[in-house]
Protein chains: 4
Amino acid sequence: MPPVTRDAALTRARILRAARTEFMRHGYSGGRVDRISKAAKSSDRMIYYYFGSKEALYIEVLEGVYTELGAAESALTLDVSEPEAALRTLIAFTWNYYLAHPEFVALLANENMHRGRHITKSVKVKQLSRPVLDILDRILQEGMRQGIFRPDLEVKKVYLTMAALGYFYLSNRYTLSTFLGDDLMKREQCASWQEEMTRVVLASLKP
Amino acid sequence: MPPVTRDAALTRARILRAARTEFMRHGYSGGRVDRISKAAKSSDRMIYYYFGSKEALYIEVLEGVYTELGAAESALTLDVSEPEAALRTLIAFTWNYYLAHPEFVALLANENMHRGRHITKSVKVKQLSRPVLDILDRILQEGMRQGIFRPDLEVKKVYLTMAALGYFYLSNRYTLSTFLGDDLMKREQCASWQEEMTRVVLASLKP
Amino acid sequence: MPPVTRDAALTRARILRAARTEFMRHGYSGGRVDRISKAAKSSDRMIYYYFGSKEALYIEVLEGVYTELGAAESALTLDVSEPEAALRTLIAFTWNYYLAHPEFVALLANENMHRGRHITKSVKVKQLSRPVLDILDRILQEGMRQGIFRPDLEVKKVYLTMAALGYFYLSNRYTLSTFLGDDLMKREQCASWQEEMTRVVLASLKP
Amino acid sequence: MPPVTRDAALTRARILRAARTEFMRHGYSGGRVDRISKAAKSSDRMIYYYFGSKEALYIEVLEGVYTELGAAESALTLDVSEPEAALRTLIAFTWNYYLAHPEFVALLANENMHRGRHITKSVKVKQLSRPVLDILDRILQEGMRQGIFRPDLEVKKVYLTMAALGYFYLSNRYTLSTFLGDDLMKREQCASWQEEMTRVVLASLKP
DNA sequence: AATGAATGAGCGTTCATTCAT
DNA sequence: GATGAATGAACGCTCATTCAT
């Protein structure tokens, strides 16, 4: 098959996108180079031409999803002077991001199964700033200053709580649906959980 | 190689245990039949003799971890008359179970990556009771009756909160350690998080 | 599964019959020991208990079909004083035997693919009389004596002609049906061919 | 091992030829992929690279032998104005073709054992013209016009007779040699049978 | 007389990857 | 800059068969 385009950057991008989907669905071990090249309307050979190896491609996918999340967090504009409202917005953002980017959730899960083997190889990921902690910290500081939050809050713990409540619900949707007997992905179920997790986080901050 | 034993049940059990470890570490796709047979001091052939296929073996592993969790939950004895104490015990149990059974966490994560493809094939898992919901429900009912909990609690949501806080911390330990710059698995960190998640759950139940 | 019967001879016979069907359908290489044991409602182990090996079983199947054909030929009663009528009967017998015993045709074909490797190992097959040549010879002798057949007939050649016309039609039915565009196994097609082959044989004997 | 050549067409052809021999000798089930790749001085992997599967390779072998026979038939030049001579030539051609191409005979036999399972999957075989029927038909028409043949001849039946007499002798040579006590493949035996089968066919056409 | 347990060798096939131009 | 040809190593799985009682 002749290449779809002669534009190297485009071919590269198509491969990267196809790889993201493939690794999301099948993990690193289950991901197949030939399925990626086929989905990208390219060839196995080009993957090695552009990326060098399956693992290097996987790492670049990983870097991509982290970069995108960081960019999205940076784009957030919050009015910190109203800490509770700002926090609601941040929780909503986090939740919606997970919801809109199942590949992020899936890739993290897979990476953890591999004990972070690939992510530790990425220099780029280490250098990446993750603005969310700063944002959250500013919100908490202001809330504590105003006396509407407990004075002994630790930003990491609050982040863990927020992330856990959103991530777990989505990452474990299949086993949870079986166990709880509901389809957790129905629109109203999702909305209901968003409310609930917001309530839980806020309750945990009360003085 | 001569057989380690001619006891069928033992051979079977050794394979099953080896498979659990293998699938925990590498997932279903990454799990290797020959590594399992070697670890079980048996042969590839015996895996097919006793289980029929890699997938059937995987499913039986899945059934095993679910069964064991159910049994452990059933063995819990709680004094429901003191709801808060009972809840603390239940949270501690859940947390310690995840901690002591990393294979449970890993296998669930992997199964979710596969969209529950294998677990839905298991008749046994469907028939399994998961006592935790009943236990939690009894605690909540009594707490609401005593007026120490909010009157509008839903057991499923409280369960999700409790499970999420424990599970996420452990399932995502590697990416979180990178992100937060701490080793989350250090003893004091774990203890600290157990306290924190207990605090969060209890705070979320307050009237 | 408990054995269907404790009668050794019966079990043995069931295996032999199942093997005949299996080897007819799949040949020697394609024949599977476990399919045979399953079809015979026995176990692989019993096949080795009674027959020793797959090949020995195959050879016994081969001996069986040859023995049965010999017995059927022996049971033929022909009035040789009317050679043409007798020959018609013999042709009809041969044709109908092939038709009623597809396993005979299939096993011969398979054995020839293997260059007679197994049949040459059977002492029994070598000792077996095949009465058809004697019968045919008596018919031809009488026909020549009466002057209604060519005087220079050779029994082997006439046998080959008769056998070829019947056997080929049936052994090659699938490729022939594709090539000729007809279903050769339809009742009227078979009947028509029986007439034709009789006509051809008789024409070839005319003085 | 370094490749014998980097010419794709050549590698492909070597595999195809080796496969033909392998499947002739052992049938489809008995044919071994690694024996083929070894005989072709290639590797198992290349068989899958070029053909996709053992079955696809087998089908292409089948298509090959059919195509070659069709080509050989097309190359036949016969003077139809002398029907009997033309027919003798056609019979000789058919006989010699079977004799020179034992793989054709063997592959047909094997395919029939499999009930035509593979040949029916080939689109190419279906589209192939088999000129022999046309040629034979022209001969018979002219012979009937000249009055030297019976007026009620059917081309398919005459073809079956001709093919049967040649094919059966060769396809069943091993069991027949055992049964008749002769080596049918000796030169003079073959020549003698060619004469005999020609005599039989011609006798069957006489008015 | 009968059988459950066990196996070495090999099966067709797929894997990520490199060669050579 | 791009690609068709080629591959070693492993994959999940099946084969006929034997062990041990």
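Nothing here was measured: the structure is a model prediction, and the numbers come from that model. Below, read A as the first sequence line, B as the second, and so on, with proteins coming before strands; counting in each chain starts at 1. The analysis underlying the following values was restricted to heavy atoms, covering all of them including side chains, and did not include hydrogens, waters or symmetry mates.
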[N] [atom2] sits how many Å from [X] [atom1], rounded?
{"X": "B:Arg12", "N": "E:dG4", "atom1": "CZ", "atom2": "C1'", "result": "14 Å"}
{"X": "B:Arg14", "N": "E:dA5", "atom1": "CZ", "atom2": "P", "result": "14 Å"}
{"X": "C:Glu22", "N": "F:dC15", "atom1": "CD", "atom2": "C1'", "result": "13 Å"}
{"X": "B:Asp34", "N": "F:dC13", "atom1": "CG", "atom2": "C1'", "result": "12 Å"}
{"X": "D:Tyr58", "N": "E:dG12", "atom1": "OH", "atom2": "C1'", "result": "17 Å"}
{"X": "C:Lys41", "N": "E:dT3", "atom1": "NZ", "atom2": "P", "result": "15 Å"}
{"X": "B:Ile15", "N": "F:dC13", "atom1": "CD1", "atom2": "P", "result": "14 Å"}
{"X": "D:Lys38", "N": "F:dT7", "atom1": "NZ", "atom2": "C1'", "result": "17 Å"}

For this session: Have a look at A:Gly31 and say if it touches a base, only the backbone sugar-phosphate, or nothing, with a 4.0 Å heavy-atom cut-off.
Result: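 Sugar-phosphate, no base atom in range.
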Within less than 4.0 Å of OP1 or OP2 of [N], is there a side-chain N or O belonging to [X]?
{"X": "C:Arg45", "N": "F:dT18", "value": "no"}
{"X": "A:Tyr50", "N": "F:dA2", "value": "yes"}
{"X": "B:Tyr48", "N": "F:dC13", "value": "yes"}
{"X": "D:Thr11", "N": "F:dA6", "value": "yes"}
{"X": "B:Ser42", "N": "E:dA6", "value": "no"}

Could you check which of [options] has an atom nearest any side-chain atom of [X]?
{"X": "A:Asp44", "options": "F:dC11, E:dT17, E:dA5", "answer": "E:dT17"}
{"X": "D:Lys54", "options": "E:dT3, E:dT13, F:dA2", "answer": "E:dT13"}
{"X": "A:Val33", "options": "E:dC11, E:dA16, F:dG12", "answer": "E:dA16"}
{"X": "B:Arg32", "options": "F:dT7, F:dG12, E:dT7", "answer": "F:dG12"}
{"X": "C:Tyr49", "options": "E:dA16, E:dT13, E:dA1", "answer": "E:dA1"}

Problem set entry | Comparing C:Ser43 and A:Ser29 on DNA chain E - which has the more 5′ nearest nucleotide |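 Nearer the 5' end of the strand: C:Ser43.
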Problem set entry | Residue mapping more 5' on DNA chain E - nearest nucleotide basis, D:Tyr28 or A:Tyr28 |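 Taking each residue's closest nucleotide, the earlier one in sequence belongs to D:Tyr28.
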For this session: Determine which nucleotide pairs with E:dA1, using a 3.5 Å limit on both distances of a Watson-Crick or G-U wobble pair.
Result: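 Paired with E:dA1, as far as the under-3.5 Å criterion goes, is no nucleotide at all.
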Exercise. If pairing requires Watson-Crick or G-U wobble contacts with both distances under 3.5 Å, which nucleotide is the partner of E:dA6?
Worked result: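 Pairing partner: F:dT17.
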For this session: Apply side-chain hydrogen bond (donor to acceptor under 3.5 Å, both in side chains) to the pair C:Tyr58 and C:Glu111, showing each step before the final yes or no.
Result: CA-CA 10 Å; C:Tyr58 179 76; C:Glu111 190 52 19; 3.2 Å; yes
Exercise. Centre of C:Tyr28's six-membered ring, under 6.0 Å away, within 45 degrees of the axis: is that where NZ or CZ of C:Lys54 sits?
Worked result: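 So C:Lys54 does make the cation-pi contact.
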Problem set entry | Test: D:Glu60 and D:Arg12 ion pair at under 4.0 Å |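 A salt bridge is present here (some side-chain N lies under 4.0 Å from a carboxylate O).
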Problem set entry | CG-OG1 distance between A:Leu16 and A:Thr21, expressed to the nearest 0.5 angstrom |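 Going from the CG atom of A:Leu16 to the OG1 atom of A:Thr21 covers 10.0 Å.
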Exercise. If you round to the nearest 0.5 Å, how far is NE2 of B:His101 from CZ of B:Arg20?
Worked result: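 Between B:Arg20 CZ and B:His101 NE2, I get 7.0 Å after rounding to 0.5 Å.
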Problem set entry | Residue of the set C:Leu108, C:Thr120, C:Asn112 for which side chain to side chain contact (heavy atoms under 4.5 Å, CB included) holds with D:Tyr174 |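 Looking at C:Leu108, C:Thr120, C:Asn112, the match for D:Tyr174 under the side chain to side chain contact (heavy atoms under 4.5 Å, CB included) is C:Asn112.
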